[in-house]
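Naming: A, B, ... by sequence-line order, numbering from 1 per chain.
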Protein chains: 2
Amino acid sequence: MHTPQSAFRALADPTRRDILVMLRGRDLSIGEVAENFDMTRAAVKKHLTVLSDGGLITTVTRGRERISSLNPEGIAPVCDWFAFFEGFWDTRLAALKDAIEKDTE
Amino acid sequence: MHTPQSAFRALADPTRRDILVMLRGRDLSIGEVAENFDMTRAAVKKHLTVLSDGGLITTVTRGRERISSLNPEGIAPVCDWFAFFEGFWDTRLAALKDAIEKDTE
DNA sequence: CTTTTATAAAACCAAATGGTATCATGTCAA
DNA sequence: TTGACATGATACCATTTGGTTTTATAAAAG
C-alpha cells in the first residue's frame with residue numbers, strides 16, 4: 001500500500017478524519033481511540049489499519065498496547081496533488097473576489 | 001449535499017481525481033470526459049454527479065450538452081480541514097529534517 | 001498460576017459503491 | 001418531420017466497505 005490512492009481513501013471516512021484530529025493532540029492506544037466513538041474496538045482497529053495503509057499514521061507496540069501516532073510524511077502525497085491545482089484555485093478565487101467587489105461598488 | 005464529507009468522498013476515487021485534473025485544462029461535456037476513460041458515459045456521468053454533490057465542479061447546460069467546470073470554491077472545506085493540521089505537519093517535518101541533517105553531520 | 005486486559009484475526013452481514021445495460025427525453029440537423 | 005446525438009433516469013449486478021460477533025494470543029496484575 002502507501003499509494004496516494006490509499007491516503008485519499010483513508011481520508012474519505014469521517015470517523016477516520018476524527019481519529020486524525022484526536023491524534024493531533026497526543027498518541028493513543030486503540031482502546032483510547034475507541035472510547036471516543038460509539039462502536040466496537042474491532043471497528044476502530046479496522047479504521048486504524050486503513051489509516052496506516054494510507055501512511056497517515058504510524059504504530060508501535062508498547063507492552064500489550066498498540067500506540068498510534070500521526071505521520072507527518074503521510075500527508076505529503078495528498079498535499080502534492082492539491083498543489084497541482086493551487087494556481088487554478090488561487091487565480092479563480094481572486095477573480096471571483098474581484099467580481100464581487102466590483103458588484104458591490 | 002455540499003458538506004465537507006461529500007467533498008472528501010468525491011476525492012477518494014482515482015477516476016474522479018483524474019476528471020478534476022482534466023477540467024483544470026478546460027471545461028468539458030460529459031461525452032468529452034468519457035472519451036478519456038474506458039467506461040460508459042453513464043458511469044462517467046455518475047462520477048460527475050458525485051463531484052457536483054461535493055461542490056468540486058459546477059455544470060451548465062449548453063444546448064443538448066452539459067458542460068462541467070472546476071469550482072474553485074468547492075475545495076475550500078477540504079483546505080480548511082488540512083489547515084487545522086498545518087502547524088502539526090510543519091513542525092514535525094521540520095523536526096524530521098533537523099534530525100536527518102544532524103544525522104548526516 | 002490464574003485472571004484480567006489489549007489487541008489480533010476471522011467469519012459474517014447490510015449497505016454503499018462503481019460499474020453495466022436499457023429506455024426515455026430533449027436538441028440539432030437534414 | 002425524421003433521424004441522429006447527448007444526456008437523464010432507472011433497474012440491476014458484483015465488489016467493497018463499515019460494522020458486529022466470536023475466538024485466539026500475549027502481556028500485566030493479583
K.L.:
What residues form a side-chain contact (heavy atoms from CB on, under 4.5 Å) with A:V33, not counting sequence neighbours?
P.N.:
A:I19, A:M22, A:L28, A:F37, A:V44
K.L.:
What integer distance in Å separates B:D53:CG from C:dA16:C1'?
P.N.:
14 Å
K.L.:
How is B:T61 classified with respect to the nucleic acid when contacts are heavy atoms under 4.0 Å: base, sugar-phosphate, or nothing?
P.N.:
nothing
K.L.:
Might you point out which heavy atoms bring B:L70 and B:P72 nearest each other, and give the distance in Å?
P.N.:
O-CD, 3.4 Å
K.L.:
Note every stem involving DNA chain D: at least three consecutive Watson-Crick or G-U wobble pairs, i with j then i+1 with j-1, with both distances under 3.5 Å.
P.N.:
C:1-30 with D:1-30
K.L.:
Please state how far atom CZ in B:R66 lies from atom P in C:dG26, giving the value in whole angstrom units.
P.N.:
14 Å
K.L.:
Could you pull out the closest heavy-atom pair between A:G55 and A:N71, with the gap in Å?
P.N.:
O-ND2, 2.8 Å
K.L.:
CD of B:E65 versus C1' of C:dT27: gap in Å, rounded?
P.N.:
10 Å
K.L.:
So which of A:R66, A:R26, A:R41 actually passes salt bridge (charged side-chain N to carboxylate O under 4.0 Å, His left out) with A:E32?
P.N.:
A:R26
K.L.:
Taking the side chain as every heavy atom from C-beta outward, state whether B:R16 and B:V50 have any pair of such atoms under 4.5 Å apart.
P.N.:
yes
K.L.:
Looking only at non-hydrogen atoms, find the nearest pair between A:Q5 and B:D13 and report the distance.
P.N.:
OE1-C, 4.4 Å
K.L.:
Do we see a donor-acceptor contact under 3.5 Å between the side chains of B:D27 and B:S69?
P.N.:
yes
K.L.:
In whole Å, I'd like the distance from the CD atom of B:E32 to the P atom of D:dT7.
P.N.:
8 Å
K.L.:
Between protein and nucleotides 17-30 of chain D, map the contacts as a letter string: B base, S sugar-phosphate only, - none, heavy atoms under 4.0 Å, written 5' to 3'.
P.N.:
SSBBB-----BS--
K.L.:
Between A:F8 and B:F8, is the ring centre distance below 6.0 Å?
P.N.:
no
